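These figures come from a predicted structure and were not determined experimentally. For this chain, numbers begin at 1 and follow the sequence in order.
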Amino acid sequence: MFGKRIGFTIIELLVSLFIIGLLIALLLPAVQNARSSVRKISCLNRMRNVNLAMIQVVEQNGRFPACGNFTKEFGRHHSWVIDVLPWLEQGTFADKWNKDRSINDPENLPLTTQHFPILTCPADISVDGGKGDLSFVVNGGWGYTVYHKGVHDCPIDPQGRRLDLNGNGESCPPLGEADGKPSDKQLYFYTGLFFNETWKTEISERHHRPATVTDGMSNTLVMSENVRTGFNPDEKDDPWGSSWASPSPKLTSFHIGNPCEGAVCAPGKVDYNRSNSGQFRINSGLRSAEGTSPIPNSFHKGGVNMAFADGRSQFVSETIDGAVYASLVSPQGEKLSDTPIAQAILTVGEF
């Protein structure tokens, strides 16, 4: 007579291992999703703090800071981050920055490698701690300005095309507008919240104040994530650096896609679907090199975190309607009502 059998058969062992493997396979996605959710919320909280610091700067100075400052003598000077650091408990560090010197001055350049965790998103896998990384950028609207053929403040889109916003067939006229229409520069002011400026001169001085955000603070975007900005290891020998301190518009700001065909905003050539499509579709630049995709990009599935001028922050879908997106970027969309680039004043809701 045989004794009582002890242990598992091979089949029982295999079945047990299969069940354990199946449970692990079911559990891992849940764990990964939970971690992803935590990173997204942590990122949102960091952005909210940076945005609140920006609001403090606006209240103190009565105006929004420049996204990037430049000088005739030195070129690149400093970014908006320098302005908000004192309100992020980094006043001592900010005092070390000499605003009378350029970014590549021996006094300032070593500071640009300082790593501030609050300026980065935990989900930003491109962050290289200690190298001056940045995950958040401000609202640059349709583009930025350059000096072109003797004309200061010539508005261009991120593709480098001069903006003919009034649709009269001429951009950056050297003698100003002569047809009685609002100028391209005037309309450009309505389309974004932050601008390049020349430091301590009137060559290029353009900024918004709370009173000029006429579409409403709760309807106007201040900042977004962009994981394609900050430190670029391929530019480690660039004397200007590629960090949170750089005033380069492709590092400081996010831009929407130009809705005007060929950058000419003539009647019948404006389609706001272009504002969030192609290479300017939110999250379309995740495979781009650092500093080459000045649009909202994040490693969160389905969208990006964004912050508003009233202090609110929320997750925004990457499929947001182009017209809604453009309206949220513009602080004075109502002033475009009699132009080819007219857009309705939209109330922020579910999008």
Side-chain angles (χ1 to χ4, degrees), residues 29-55 80 84 88 116-127 133-141 192-194 213 215-230 244 252-257 272-273 275-288 293-331 333 346-351:
V31 172
Q32 291 172 343
N33 288 337
R35 289 177 176 175
S36 177
S37 178
V38 168
R39 287 193 293 266
K40 183 169 72 173
I41 293 173
S42 178
C43 182
L44 187 67
N45 287 334
R46 290 185 184 184
M47 174 181 285
R48 180 181 294 112
N49 288 332
V50 177
N51 188 39
L52 291 175
M54 177 67 76
I55 291 173
W80 60 271
V84 304
L88 294 172
F116 297 107
I118 198 168
L119 296 177
T120 61
C121 177
D124 186 350
I125 59 176
S126 69
V127 167
D133 267 302
L134 180 68
S135 301
F136 308 133
V137 288
V138 295
N139 170 10
L193 191 59
F194 293 83
V213 184
D215 285 357
M217 303 289 267
S218 64
N219 294 337
T220 305
L221 288 169
V222 170
M223 64 181 59
S224 169
E225 291 179 75
N226 184 9
V227 296
R228 297 292 86 196
T229 187
W244 50 259
T252 62
S253 313
F254 75 90
H255 305 288
I256 65 172
Y272 280 102
N273 287 322
S275 296
N276 188 32
S277 65
Q279 64 179 308
F280 289 94
R281 183 177 181 273
I282 294 173
N283 281 340
S284 68
L286 292 177
R287 296 181 181 273
S288 302
S293 180
I295 64 171
N297 289 300
S298 84
F299 290 112
H300 310 305
K301 184 177 180 180
V304 295
N305 289 318
M306 291 185 171
F308 293 79
D310 65 347
R312 177 172 52 90
S313 300
Q314 72 178 74
F315 188 72
V316 176
S317 171
E318 63 187 23
T319 61
I320 182 173
D321 177 78
V324 176
Y325 185 28
S327 182
L328 293 174
V329 165
S330 169
L346 301 172
T347 301
V348 178
E350 296 297 325
F351 47 83

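- Heavy atoms only, all atoms of each residue included: G333 and D215 are closest at N-OD2, 2.6 Å.
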**Request:** Give the C-alpha distance, both sets of side-chain angles, the deciding distance and a yes or no for side chain to side chain contact (heavy atoms under 4.5 Å, CB included) between T252 and F194.
**Result:** CA-CA 10 Å; T252 62; F194 293 83; over 6 Å; no
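- S42 and P122 get closest at one heavy-atom pair: OG-CG, 3.4 Å.
- Heavy-atom minimum distance, S293 versus G285: OG-CA, 3.4 Å.
- Looking at I295, I320, N276 one by one, the single match for side-chain contact (heavy atoms from CB on, under 4.5 Å) with R281 turns out to be N276.
- Looking at every heavy atom in both residues, N139 comes nearest to V329 through ND2-O, 2.8 Å.
- To the nearest 0.5 Å, atom CG of residue L134 and atom OG1 of residue T120 are 8.5 Å apart.
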**Test log, rule side chain to side chain contact (heavy atoms under 4.5 Å, CB included), inputs L193 and V213** = CA-CA 8 Å; L193 191 59; V213 184; 4.0 Å; yes
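- The distance between the ring centers of F116 and W244 falls below 6.0 angstrom.
- Here F254 contributes atom CZ and S224 contributes atom OG; the two are 5.5 Å apart, rounded to the nearest 0.5 Å.
- Counting only distance, with no hydrogens or angles, the side chain of S327 and the backbone of A323 share no donor-acceptor pair below 3.5 Å.
- With sequence neighbours left out, the side chain to side chain donor-acceptor pair (under 3.5 Å) criterion links N226 to N297.
- In terms of modelled atom types and a separation under 3.5 Å, the side chain of N273 and the main chain of G322 share no donor-acceptor contact.
- Atom OG of S126 sits about 4.5 Å away from atom CZ of R228, to the nearest 0.5 Å.
- In this structure, F136 CZ and M54 CE are separated by 12.0 Å, a value rounded to the nearest 0.5 Å.
- When all heavy atoms are compared, the tightest approach of G140 to H255 is O-ND1, 3.3 Å.
- Under the 4.5 Å side-chain criterion, counting only non-hydrogen atoms from C-beta, L88 is in contact with L119.
- Applying the side-chain contact (heavy atoms from CB on, under 4.5 Å) test between F299 and each of V304, N283, I125 identifies I125 as the sole match.
- Scored by the side chain to side chain donor-acceptor pair (under 3.5 Å) test, S135 finds D124 as partners (sequence neighbours excluded).
- Judged by distance alone, with hydrogens and angles left aside, the side-chain atoms of N51 form a donor-acceptor pair with the main-chain N or O of F308 at under 3.5 Å.
- Screening H300, K40, M47, R46 against C121 for a side-chain contact (heavy atoms from CB on, under 4.5 Å) leaves a single residue, H300.
- The line from CG of D310 to CD1 of I55 is 7.0 Å long, rounded to the nearest 0.5 Å.
- Residues K301 and F315 approach most closely at O-CZ, 3.5 Å, considering heavy atoms.
- Under the 4.5 Å side-chain criterion, counting only non-hydrogen atoms from C-beta, Y272 is not in contact with V324.
- Donor-acceptor pairing under 3.5 Å is recorded for the side chains of R48 and N45.
- W80 CH2 to M223 CE: the interatomic distance, rounded to the nearest 0.5 Å, is 4.5 Å.
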